[in-house]
Colleague: 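Let me give you the structure first, and then I'll get to my questions.
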Amino acid sequence: MSTQAKRLTPYLFMAPAAVVLVVALLYPIAYMIYASFLDWNPSQRIGEATFVGLRNYSNLWSDANFRESLSVTLKFAALVVSIEMILGVGLAMLLDRKIRGMTVLRTIFILPMMIAPIVVGLIWRYMYHPTVGIFNRTLNNLGFESVPWLSDSFWSLTSVIIADVWQWTPFIFILSLAALQSLPSSAIEASRIDGATGWQQIIYIKLPLMMPVLIVTLLLRLIDAFKVLEVILVMTNGGPGLSTEILSLRIARTASEFRELGVAAAMSNYLLILLMLLTAIMFTYNRLAEARNARLRQAAEEG
Amino acid sequence: MPILRLENLCKRYASNDVIHSINLEMRDREFTVLVGPSGCGKSTTLRMIAGLESVSDGEIYIDDRPVSSLEPKARDLAMVFQDYALYPHMNVAKNMSFALKLQKRPKKEIDQKVNEVAEMLGLTNFLHRKPAELSGGQRQRVAMGRALTRDAATFLFDEPLSNLDAKLRGQMRAELALMSQRVQKNMVYVTHDQVEAMTLADRIVVMQDGHIRQQGTPEELFKKPNSKFVAGFIGSPPMNFLEGTLEHRGDMTCVVGQGYILSLLPEQAQRVNAANQKDIILGIRPSDLSYAPDAKDGDALELTVLISEYIGAQSILLASCGDQKISVEMKSDNPIELQKNMKFQAVKQGIHLFDRKTEVAL
């Protein structure tokens with residue numbers, strides 16, 4: 001085989017994947033970016049839509065509903081991820097021990113993660129039901145008043161957060177547990193000899209050593225939390241009012257109900273930029289960590 | 001210094017006995033080495049003393065205070081681990097000062113102590129490096145430094161040198177010996193390497209299968225091993241063992257085996273005759289044999305030298321005696337020819353005799 005052919009072979013094998021990538025990913029994204037510059041109604045063909053430049057983008061900032069939706073999204077993401085991190089890491093710390101039946105317990109713990117989001121939404125909607133739901137029935141039986149789980153703007157966001165925490169804490173739990181179990185056991189033993197109490201071991205030894213895994217987990221969860229749709233769609237459909245209308249839901253409604261495809265595309269792009277920013281932070285962090293390790297190794301070899 | 005004492009110490013894993021009732025008392029400022037083949041329970045014993053492993057039965061006393069139910073930190077001890085167990089995210093200074101920081105000592109005192117120990121171990125230039133930036137020997141030193149800054153009463157070492165290469169190991173061994181002379185603390189040291197045990201210990205405790213087989217000074221163990229196991233474990237190259245039977249020739253008691261007859265000294269003869277045991281194992285160290293072409297019968301073994309390993313001033317010969325193998329350590333300047341029968345004289349005081357069934361020294 002000539003060297004030329006040898007050089008081209010890898011590209012030949014990559015070609016099918018590249019074609020799929022272009023057709024299934026790059027084309028829709030380009031289409032969306034182009035659409036975001038148009039005033040475009042679904043009844044029109046794309047050629048008939050008027051070009052409006054950056055108007056969709058700038059108009060969004062003066063749209064109180066979009067700003068509200070963005071703030072709900074940020075609030076939702078920040079709250080669920082913080083709560084899930086604390087609960088997930090805490091559970092991992094508690095369950096990182098040899099107890100009989102622990103494997104079964106761990107399997108049960110990660111079950112919520114495996115349920116389809118639509119189903120999760122339905123389960124919680126029934127549990128939150130004002131009259132027949134298990135929460136209100138239990139509260140009533142205990143002599144308390146009913147809570148307007150999904151019909152009050154404060155409670156609906158809370159309810160949605162609870163459901164998301166229920167579903168995604170296990171993700172952080174299993175990753176933290178894996179990180180915890182791969183820690184050098186002798187370093188932890190050394191800290192016991194040095195006189196560290198259980199809490200001091202966690203604060204000074206375990207958490208700092210788990211940090212690389214925790215940061216990546218946090219960013220992954222954050223990216224996911226910004227994209228959440230189905231559970232909220234099924235539970236509240238964004239209501240009451242705009243109290244649980246996260247961005248992805250608003251995008252879907254702008255496109256289907258308000259019939260403003262260009263605005264929906266602009267919103268999607270804002271979300272995409274946000275997510276790409278988070279991804280970039282994650283990659284940069286990994287790159288930095290790798291560079292640091294390489295530097296340490298080199299220093300060690302030079303003695 | 002507090003005295004460390006183990007009383008009927010046992011360790012069981014799910015009805016599987018790993019340590020069978022150990023009794024041991026360490027004297028003040030003694031360097032005690034627990035030595036034995038892997039799986040003999042030496043590390044488990046050390047970890048029980050440290051408090052990292054629970055005690056199944058029996059008790060550990062530090063200064064007559066039972067400590068087996070106390071947390072490690074209440075036992076006033078420092079430990080050096082086989083893999084160093086440094087905190088990877090802390091620099092050398094922080095690694096060494098962690099215990100003092102937990103004790104909430106004043107910062108000035110901590111800095112002073114760390115600098116003092118770093119000076120002693122030659123780590124002053126590395127105080128701001130992370131463990132990953134250090135070589136194996138330096139990490140080892142930091143691990144010792146961490147123990148030293150603690151100023152604990154008892155130091156525990158769990159095979160601290162076994163992750164180092166041979167040359168560095170020798171060097172660190174010497175540094176350890178120096179350090180132990182300087183700090184004058186109780187030291188308990190676990191190793192599978194009998195050379196480390198011999199060179200460092202005030203007292204060696206030989207363990208096997210969860211039992212203490214023998215304890216004493218290196219010299220006692222080398223000269224008067226109480227069993228074939230201890231005799232074979234202590235000393236390098238290891239002791240030779242030949243099967244033989246006791247016979248009386250005239251007024252002499254002799255050990256007769258395939259290809260050799262050795263007469264015993266009167267006191268040896270008296271001892272073995274008292275034991276009234278015919279089938280025995282003869283033990284003789286390679287260094288207690290010497291090339292002697294003119295040796296009398298009854299004083300010498302006739303050996304066929306198979307291999308001569310030249311290691312400088314000394315050579316180790318591998319020879320056959322009948323169909324058993326035997327090694328000889330001697331000066332390299334002896335005229336040795338391979339594949340020829342030659343006479344080697346045995347130092348009579350160096351003859352050890354063991355019961356063939358129980359393997360106990362006679």
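In what follows, chains are A, B, ... by sequence order, proteins preceding strands, each numbered from 1.
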Colleague: Side chain, backbone, both or neither: which part of A:Ser185 has a non-hydrogen atom closer than 4.5 Å to chain B?
Modeller: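 Neither part; nothing is under 4.5 Å.
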
Colleague: Is a donor on one side and an acceptor on the other found under 3.5 Å between the side chain of B:Asn91 and the backbone of B:Ala93?
Modeller: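 Confirmed, B:Asn91 side chain pairs with B:Ala93 backbone.
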
Colleague: Rounded at 0.5 Å granularity, tell me how far CD1 in B:Ile212 sits from OG1 in B:Thr45.
Modeller: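 Separation between the atoms: 7.5 Å.
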
Colleague: For B:Asp202, check salt bridge (Lys or Arg N to Asp or Glu O under 4.0 Å) against everything at least two apart and list the hits.
Modeller: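 Residues passing salt bridge (Lys or Arg N to Asp or Glu O under 4.0 Å) with B:Asp202: none at all.
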
Colleague: Is it true that A:Asp224 and A:Arg221 have a side-chain N and a carboxylate O under 4.0 angstrom from each other?
Modeller: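 Yes, charged N to carboxylate O under 4.0 Å.
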
Colleague: State whether B:Phe155 and B:Arg150 meet the cation-pi test: NZ (Lys) or CZ (Arg) under 6.0 Å from the six-membered ring centroid, and within 45° of the perpendicular axis.
Modeller: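 Pair B:Arg150/B:Phe155 does not count as cation-pi.
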
Colleague: Relative to chain A, which segment of B:Ala74 carries a heavy atom at a distance below 4.5 Å: side chain, backbone, both, or neither?
Modeller: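 Answer is neither: B:Ala74 stays 4.5 Å or more from chain A.
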
Colleague: Verify the distance criterion only: is there a donor paired with an acceptor across the side chains of B:Asn95 and B:Tyr84 at less than 3.5 Å?
Modeller: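 No, B:Tyr84 and B:Asn95 have no side-chain donor paired with an acceptor closer than 3.5 Å.
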
Colleague: Flag the pair B:Arg47 and B:Asp158 as a salt bridge only when some basic side-chain nitrogen lies within less than 4.0 angstrom of an acidic carboxylate oxygen.
Modeller: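 No.
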
Colleague: Counting only heavy atoms closer than 4.5 Å, note whether B:Gln82 contacts chain A via side chain, backbone, both or neither.
Modeller: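 For B:Gln82, no heavy atom lies under 4.5 Å from chain A.
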
Colleague: Test of understanding: with side chain to side chain donor-acceptor pair (under 3.5 Å), list the residues that count as partners of A:Arg192, not counting sequence neighbours.
Modeller: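 Testing A:Arg192 for side chain to side chain donor-acceptor pair (under 3.5 Å), a comparison that skips the adjacent residues, returns none.
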
Colleague: Please list, in residue-number order, every residue in residues 200-215 of chain A that has a heavy atom less than 4.5 Å from any heavy atom of chain B; write 'none' if there are none.
Modeller: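 Against chain B, the residues of residues 200-215 of chain A that fall inside the cut-off (heavy atoms, under 4.5 Å) are A:Gln200, A:Tyr204, A:Ile205, A:Pro208, A:Leu209.
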
Colleague: I'd like to verify something: which residue of B:Tyr87, B:Phe81, B:Phe98 has the highest number of heavy-atom pairs under 4.5 Å with chain A?
Modeller: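 Between B:Tyr87, B:Phe81, B:Phe98, the count favours B:Tyr87.
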
Colleague: Can you tell me if A:Thr73 uses its side chain to pair, donor with acceptor, with the backbone of A:Leu247 under 3.5 Å?
Modeller: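 Present.
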
Colleague: Give, for atom CG of A:Leu175 and atom CG of A:Leu218, the distance between the pair rounded to the nearest 0.5 Å.
Modeller: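 The CG atom of A:Leu218 is 11.5 Å from CG of A:Leu175, to the nearest 0.5 Å.
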
Colleague: Using a heavy-atom cutoff of under 4.5 Å, enumerate the residues of residues 273-285 of chain A that contact chain B, numbered in order, or state 'none'.
Modeller: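 The list, in residue order, is empty: none.
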
Colleague: Quick check on B:Leu52 against chain A: is it the side chain, the backbone, both or neither that has a heavy atom closer than 4.5 Å?
Modeller: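 Interface part for B:Leu52: both.
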
Colleague: Measuring from A:Phe173:CZ to A:Asp96:CG, what's the distance to the nearest 0.5 Å?
Modeller: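 CG of A:Asp96 is found 9.0 Å from CZ of A:Phe173.
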
Colleague: Relative to each other, are the rings of A:Trp124 and A:Trp166 parallel, tilted or perpendicular (30° and 60° limits)?
Modeller: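 Correct class here is perpendicular.
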
